[in-house]
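Take a look at the structure below.
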Amino acid sequence: MRQGKARTHTNIALIKYWGKADQELIIPMNSSLSLTLDAFYSETQVTFSKEFTADSFYLNGAVQSAAENKKIIQFLNRARKLGKTTDFAKVESQNFVPTAAGLASSASGLAALAGACNEALDLQMTPTELSRFARKGSGSACRSIFGGFAEWQKGDSDETSFAVPLEAAGWEKELAMIFILINDQQKDVSSRDGMQRTVETSVFYDGWLKAVNEDIETAKKAIAQKDFKLLGETTEANGLKMHATTLGAQPPFTYWSPNSLVAMNRVRELRATGFDCYFTMDAGPNVKILTKKNQVPALIEELKQTFSPEQIISAAAGPGLEIL
Ligand code: DP6
């Protein structure tokens, strides 16, 4: 029996990953840039044993369905190949996300699984190798190997597509993200399906690709210069461009719900009153607000006029992969 356990934190993209050039290897169409956060994380233990007769996956103690298992089993197959073993595995993952938050956890979940497999099978991967490995489980997972800011350099092959930490001289510690949880029930389009439909059918996808490289460069410049306004404006504009592509897809779709728009407008209003705050959204209705840590208490007070306290969660910059 061989066992490994790892913890990784969720990251939120400031410049989004949206579209795959290679579905199998998860090579993206564009580079992306993220901030790893401290508030949400996954702890994953993997056990490989000759005694198991199948792979199994438990999330927060509950055995998962075949559909959920698919991504995990594909990833375990990659790990087995690298570790030269045919043993089945048991994956036990805990997601430390406030209940009912409905926040995607594939980034932290798959990054933690990559770290746990590395330990269990003694694969001795470097952080770059781990980032490449995690990428093949879920694209955004490659950025969660690192703390603070990370850039996923798209590359054009398995070898050249991985995330690198972006040195910000500690500036990330002055920043924060406030999550507005919008729990409206609506039919989900997973990020995986949504981005594929967009790449294949959206009349706006070319515009996205034209814009995103410049957004990455601007965001990197903003980080290097510790220019919050520039980083915030670039983040907000990039997220809006990503979401615009979904409206041009066939069939069209959107991740926005009426309350997402309420939250976005609230952010604009608060900005007009002097707060440093900008929003972004991912493949769901929640709105994430990039701000400065020292403004978080006052911002939360303001947001409570529109949203219930349970809908508001704040996070600061978090660490990279930890072996447990
Ligand atoms: C909108 O990493 O979940 O959150 O690679 O198919 O597993 P797969 O997709 P995933 O997509 C994340 C998309 C996003 C933007 C981002 O995190 O960059």
Side-chain angles (χ1 to χ4, degrees), residues 8-37 40 42 67-75 78 95 97 101-114 131-146 149-155 158 161-163 166 177 179 188-200 202 205 208-209 211-213 215-216 219 234-236 238-246 249 253-256 260 279-288 290:
T8 57
H9 289 71
T10 289
N11 72 78
I12 296 297
L14 307 183
I15 307 299
K16 306 296 182 189
Y17 147 49
W18 197 239
K20 293 180 182 64
D22 185 317
Q23 309 284 339
E24 180 70 23
L25 293 171
I26 312 199
I27 314 284
M29 294 290 275
N30 62 273
S31 296
S32 54
L33 190 156
S34 60
L35 182 62
T36 299
L37 299 173
F40 315 114
S42 301
E68 290 292 332
N69 284 348
K70 204 174 143 216
K71 251 191 206 178
I72 303 291
I73 292 174
Q74 280 172 353
F75 194 80
R78 290 190 185 278
N95 274 344
V97 171
L103 293 171
S105 52
S106 77
S108 58
L110 270 296
L113 181 59
S131 178
R132 275 194 205 109
F133 185 36
R135 187 199 80 227
K136 287 175 268 195
S138 180
S140 53
C142 76
R143 301 183 307 234
S144 273
I145 299 297
F146 303 103
F149 292 111
E151 180 191 6
W152 176 9
Q153 303 179 337
K154 74 182 179 89
D158 183 23
S161 187
F162 53 83
L166 283 180
M177 223 172 232
F179 288 66
D188 289 343
V189 180
S190 70
S191 47
R192 190 160 287 192
D193 294 346
M195 69 174 80
Q196 191 177 348
R197 190 192 301 174
T198 305
V199 172
E200 287 170 0
S202 178
Y205 195 70
W208 162 256
L209 287 180
V212 66
N213 289 336
D215 288 348
I216 286 270
T234 311
T235 295
E236 192 171 293
N238 181 267
L240 288 169
K241 279 177 263 192
M242 177 204 123
H243 285 273
T245 64
T246 68
F253 65 107
T254 184
Y255 291 110
W256 296 5
S260 313
F279 62 79
T280 189
M281 288 178 64
D282 294 290
N286 298 321
V287 173
K288 294 127 193 181
L290 180 66

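Both counts, for ligands and for their atoms, begin at 1 and track the order of listing. Every heavy atom of this structure was used, including side-chain atoms; hydrogens, water molecules and symmetry mates were not.
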Short list, please: which atoms of ligand 1 are under 4.0 Å from a heavy atom of Ser140?
-> 2 (O), 3 (O), 10 (P), 17 (O)

Beyond-backbone contact of Arg192 with Ile26, side-chain heavy atoms, under 4.5 angstrom | yes

Under 3.5 Å donor-acceptor, Thr36 side chain and Ser144 backbone = no

For residues Asp193 and Phe253, determine if any side-chain heavy atom of one lies less than 4.5 Å from a side-chain heavy atom of the other.
-> no

Ligand 1 atoms in contact with Met195 (distance to a heavy atom under 4.0 Å) | 9 (O), 11 (O), 13 (C)

Does a side-chain heavy-atom distance below 4.5 Å link Lys16 with Asp215?
-> no

Distance to 0.1 Å, residue and atom name: give those for the protein heavy atom nearest to atom 14 (C) of ligand 1.
-> Asp282 OD1, 3.8 Å

Which atoms of ligand 1 sit under 4.0 Å from any heavy atom of Ser106?
-> 3 (O)

Atom 13 (C) of ligand 1 sits nearest the protein heavy atom Tyr17 O, 3.7 Å

Min N/O separation Ser191 to ligand 1 under 3.5 Å | yes

Could you tell me whether ligand 1 has any atom less than 4.0 Å away from a heavy atom of Lys20?
-> yes

Side-chain touch Arg135/Leu25, heavy atoms, less than 4.5 angstrom | yes

Do Lys241 and Val212 come within less than 4.5 Å of each other through their side chains, counting heavy atoms only?
-> no

Min N/O separation Lys16 to ligand 1 under 3.5 Å | no

Using a heavy-atom cut-off of under 4.0 Å, does the side chain or the backbone of Ser138 touch ligand 1, or both, or neither?
-> both

Are any non-hydrogen side-chain atoms of Lys136 and Gln74 less than 4.5 angstrom apart?
-> no

How does Arg143 reach ligand 1, by side chain, by backbone, by both or by neither, if only non-hydrogen atoms under 4.0 Å count?
-> side chain

Should the ring pair Trp256 and His243 be called parallel, tilted or perpendicular, given that the plane angle runs from 0 to 90° and is split at 30 and 60?
-> tilted

Any heavy atom of Ile26 under 4.0 Å from ligand 1? The part involved is side chain

Under 4.0 Å from one or more heavy atoms of Gly139, ligand 1 contributes atoms 2 (O), 5 (O), 7 (O), 8 (P)

May I ask you to check whether over 12 heavy atoms, not counting those of Glu24, lie within 6.0 Å of atom CD?
-> no

Which ligand 1 atoms are under 4.0 Å away from a heavy-atom of Ala13?
-> 16 (C), 17 (O), 18 (O)

